[in-house]
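Everything below concerns the one structure shown next.
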Protein chains: 2
Amino acid sequence: MERRATIKDVAEAAGVGVATVSRVLSGGSASPRTRERVLAVAAQLDYRPSALGRNLRQRRTGGMGLLVPDLTDTFYGQLAEGVLACARSAGEPVVIGSTGDDPEQESELIGMLLEQSVDRLIAVPAGDAETWAPAARAGMTVVFADRLPAPAAGEEDPRAAAVGDLMLLDGLSPAARPRPPEAPSVLADDRAGIRTAVRYLRGLGHRRIAFLGGPGHDRRVAAFREAVGAPVDEELVVFATGSRDSAYAAASGLFQSRPDLSAVVAGGNVLGEAAVLAARELDLRVPRDVSLIMYDDVPWAELCSPPLTVIAQPGRDMGYRAAELVLRSGGRRARGVVLPTELIIRGSCGPHR
Amino acid sequence: MERRATIKDVAEAAGVGVATVSRVLSGGSASPRTRERVLAVAAQLDYRPSALGRNLRQRRTGGMGLLVPDLTDTFYGQLAEGVLACARSAGEPVVIGSTGDDPEQESELIGMLLEQSVDRLIAVPAGDAETWAPAARAGMTVVFADRLPAPAAGEEDPRAAAVGDLMLLDGLSPAARPRPPEAPSVLADDRAGIRTAVRYLRGLGHRRIAFLGGPGHDRRVAAFREAVGAPVDEELVVFATGSRDSAYAAASGLFQSRPDLSAVVAGGNVLGEAAVLAARELDLRVPRDVSLIMYDDVPWAELCSPPLTVIAQPGRDMGYRAAELVLRSGGRRARGVVLPTELIIRGSCGPHR
DNA sequence: GTGAAAGCGCTAACAG
DNA sequence: CTGTTAGCGCTTTCAC
C-alpha cells in the first residue's frame, strides 16, 4: 500500500527523462527502442498517470459535469445513463449533481464544479438565464438537455418557447429566424409530441383536455396551448413543483375541481404517475372516465392497467448526444439538436363519452 | 472571460503573502486586520480556491466515487440520490459511474477513479473480491452498498452469505461470530425481508414458491432457500443477468416451465417488472393465478393493478448512510450497517387456490 | 503573525 | 529524438 508510482519513478527506472515518458504515454514521438522500454517499465510498475498533475498543468479538469433534477425520475435516469455511456467510451470521468429542480442548489453545484475546474457541463437547467450567467462567464462549455433555462426575469425573450420549432425549420433563411440559443442543447421535439397527442385526443372526441405540468415544462405547455388553439380554459392547465407530493396534489385538485374534463396530458412521468394515482383514488376509471397521455416512456408505463399511452422521447440518446456535443465542442459552439418524439398508443385513451 | 483569480492575485491585491491567504481561507491563525482585508479582497475578486492545486498538493482528490449497476433501475436512482444528498451537504463532488453489472466495466471504472486520485468510493459491486483487490491495494476507502462482492473464485468463504445475520446479532460474543467483512458496508436486511415474505406467502397457503433473481442477489436467494426450508425445488429458482430482456425471458420461462407454481418472489424491481409483464403475456392473473412479491418499493409499484406487494428497503437512506461512512472514515474502518426492510402488503398476493 | 520557499505530478517549451 | 527546466495553484514547514 505504498504511494503510486509517479512519472519520475518510471523515468528513472527506464533510464530516460520524464519528458520522454510523458511523450511516449501520450503518443508523442520516440524511438521504438525507448518507447518499448518505457512502456515495459510503466506496465511493470503499474504506473498510472495522475490526472491531478495533468489537470493542474493544463488548468482544466477533464471529463464533464452532469446536473439533473432528480435521479429518482426514470427519465433522468435514462438521460444520465446515456451521458455515462458516452463518457465511458471516451474514458472521461463524470461529476454528477442532483438539483431537485431548485435554482439555488443548482447555483451551488455550479460553484462546486467551477472549484473543481470542471469546464464542461451537461445540464437539465432548473434556474433561468441569470442562474446560468456565472457558468458562461467562467468560460464553461455547457450543453443543455431536455430543456433550456428560462430567459432572465424581466427579459422578454420568446426564444425558449420558440426554439422547439426553429431547429427543425432548416428550410428557413437564416435571417428569417431568431438567433439560436446561446448554448448548444439537446431537446426533444416537444412541440410535435404535444401536438400529436392533442390531435389524437381530439380525434377521439375529447374537448376538455387538461395539461398537468411540472418545472421546466414551459415549452410543453406552450405547445399545448397552441395545439388546443384559441382561448384555452386556464383552469385546465395546472402546475406542480417537482415533488411527487406536489404532483399528486395538482392532479387530484385538477380532477376534483373540473369533473367535466375528459382527458389529460401529463407533462412528465412523475406527473403521469400522480395522475394515475389520483384518478384511482377518486374512482375515476382510465380510460372510461378520463383518458390519459403521459410524456416520457418509461418501463413501468406498460405495467399500468391499462398500459399508458405515452409520448416517448429518447432519454438515453439525448444524454449520449449531449455528452458527445460537450466533448467535441472544441470545434466552436455546436448547433443544438432536436430529437423526435413518438406517440405510443397503448390503452389509456378511449373515445369521449 | 479571463482566467480565474489565483491565490497569488489575492495575496498581491491584499498586500500579503500567499501563505497568509491560504491560512485565512482555511481558518488558520491571522490577525483580525489581515484576515478582514484578505477576506474582502477575495470576495471582491470572486476568488475560488482551485481544488486542483489543493488536491495535487495533498495528493488526493476530495469527494467520492459512486458506482452503481444501472441508473435506470429506480432503486439505484434512490440510492444515488441519497449519496448525492449527503455529498452536497458536505460540499463534496461525486464522480459517478454505471457498471451495467459487468465486472469488466467495473474494473475500468475503478481504474479511472484511481487515475483521478479519488480515494473514497461507494459501490454496488458487480465483480468479486478479486475485482476489488486493486482498489484495496491502492488504498481506497470503499463502502459497499446494497450487496457485497462475492468471495474470489476458489475461496470458500461463507462470509458474504452470512453477513446478513451477523450485524444484527449484537448479542453474540465477539469471538463467536466470524470476522466482519473487510470493507464497511450498508446493506438491507435481506434475510429478514425474504423470510418475512416467504412466511407471508406460506401463510396464504402457497407451497410452490419461485424465486426470480438477478446479479447480486445471492444473499437473497440464500435467504430464500433457508426460508423455504429443506430441499428447494431447483427449477423454481431462476436467474437473469441484469438486462430487462433477460429478466423478461427468465420470468416468462419460469411461468411456462412450471405452470404449477403459485407464487413468486422477485429479487429486485426490474425482475418484478418482468414478472408482471410475463404474467400478463401468458394470461396469468395476479394474484388469482399467481401471487407476486417484489423486492424494492418503487413509486410505480402502487400503479400496477393490482398494486404490488413489496419488500421495501430504504434506498435513499442506504445511499446517505454509505456516503456518511465513506466521508468520516477517518476514524478507521467503520462497522457495517444493516438497515431494516418492511413487507408492504398491497394487492398482488392472494390465497392459494 | 507572516512571508519565503519547496514541492505535489505532470506537460510544454526549449535546447541539445 | 531526448533531456532539462519552468511552472500550473495550492499547502506547509521553517525562519523571521
Side-chain angles (χ1 to χ4, degrees), chain A residues 2-39 41-42 45-63 93 112-119 138-139, chain B residues 2-39 41-42 45-63 93 112-119 138-139:
Chain A
E2 344 56 34
R3 80 180 213 310
R4 277 167 49 193
T6 77
I7 197 175
K8 210 169 147 196
D9 300 327
V10 178
E12 280 172 10
V16 301
V18 292
T20 304
V21 177
S22 176
R23 278 192 214 97
V24 169
L25 266 48
S26 41
S29 63
S31 83
R33 275 200 57 233
T34 339
R35 139 168 282 105
E36 206 169 335
R37 192 143 38 89
V38 170
L39 253 23
V41 174
L45 257 47
D46 189 32
Y47 168 68
R48 318 184 58 96
S50 155
L52 249 38
R54 180 179 337 131
N55 293 341
L56 178 57
R57 177 61 223 252
Q58 302 178 162
R59 318 153 114 238
R60 55 173 295 267
T61 293
M112 188 262 277
L113 291 172
L114 245 28
E115 219 156 274
Q116 304 291 327
S117 304
V118 172
D119 58 359
Chain B
E2 343 55 32
R3 79 180 213 309
R4 276 167 48 194
T6 78
I7 197 176
K8 211 169 147 195
D9 300 326
V10 178
E12 279 172 9
V16 300
V18 292
T20 304
V21 177
S22 177
R23 278 193 214 98
V24 169
L25 266 47
S26 42
S29 64
S31 81
R33 276 199 59 232
T34 340
R35 139 166 284 105
E36 205 169 336
R37 192 143 37 91
V38 170
L39 254 23
V41 174
L45 257 47
D46 188 33
Y47 168 68
R48 316 183 62 94
S50 155
L52 250 39
R54 183 189 6 229
N55 292 341
L56 178 56
R57 178 60 221 256
Q58 300 176 161
R59 317 152 112 235
R60 55 172 296 268
T61 293
M112 189 261 277
L113 291 172
L114 244 30
E115 218 156 273
Q116 304 291 326
S117 304
V118 172
D119 59 359

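All chains are named by letter (A, B, ...) in the order of the sequence lines, taking the proteins before the strands, and each is independently numbered beginning at 1. Here the structure is a predicted model, which means the values were calculated and not measured.
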| message | Does atom CD (B:Gln58) have a neighbourhood of more than 12 heavy atoms from anything else shown, all under 6.0 Å? | response | yes

Notebook entry, point to check: Under 4.0 Å between a side-chain N/O of B:Thr34 and OP1 or OP2 of C:dT2, yes or no?
Noted result: yes

For residues 10-20 of chain A, tabulate all N or O donor-acceptor pairs below 3.5 Å that involve a side-chain atom, not counting sequence neighbours.
none

Exercise for the section: Tell me whether the OP1 or OP2 atom of C:dG3 has a side-chain N or O from B:Thr20 closer than 4.0 Å. Expected result: yes

Side-chain N,O (A:Ser31) to OP1/OP2 (D:dT2) below 4.0 Å
yes

N/O contacts under 3.5 Å, protein versus nucleotides 12-16 of chain C?
residue	atom	partner	partner atom	Å
C:dA12	O4'	A:Arg57	NH2	3.3

Sorted by position of nearest nucleotide on DNA chain C, 5' first, the leading residue of B:Gly17 and B:Gly53 is B:Gly17

Rounded to whole Å, the CD1-P distance (B:Ile7 to D:dG7) equals 18 Å

To the nearest angstrom, the CZ-P distance between A:Arg59 and C:dC10 comes to 19 Å

When rounded to whole Å, the CD to P distance for the pair A:Gln116 and D:dC10 reads 13 Å

side-chain hydrogen bond (donor to acceptor under 3.5 Å, both in side chains) pairs touching residues 22-31 of chain B, sequence neighbours excluded, are B:Ser31-B:Thr34

To the nearest angstrom, the CZ-P distance between A:Arg4 and C:dG9 comes to 9 Å

From the candidates C:dG9, C:dC10, D:dC10, the one with an atom nearest any side-chain atom of B:Leu56 is C:dG9

Residue pair B:Ser50/A:Ala30 against DNA chain D: nearer the 5' end by closest nucleotide is A:Ala30

Rounded to whole Å, CG of B:Leu52 lies from P of D:dG7 at a distance of 19 Å

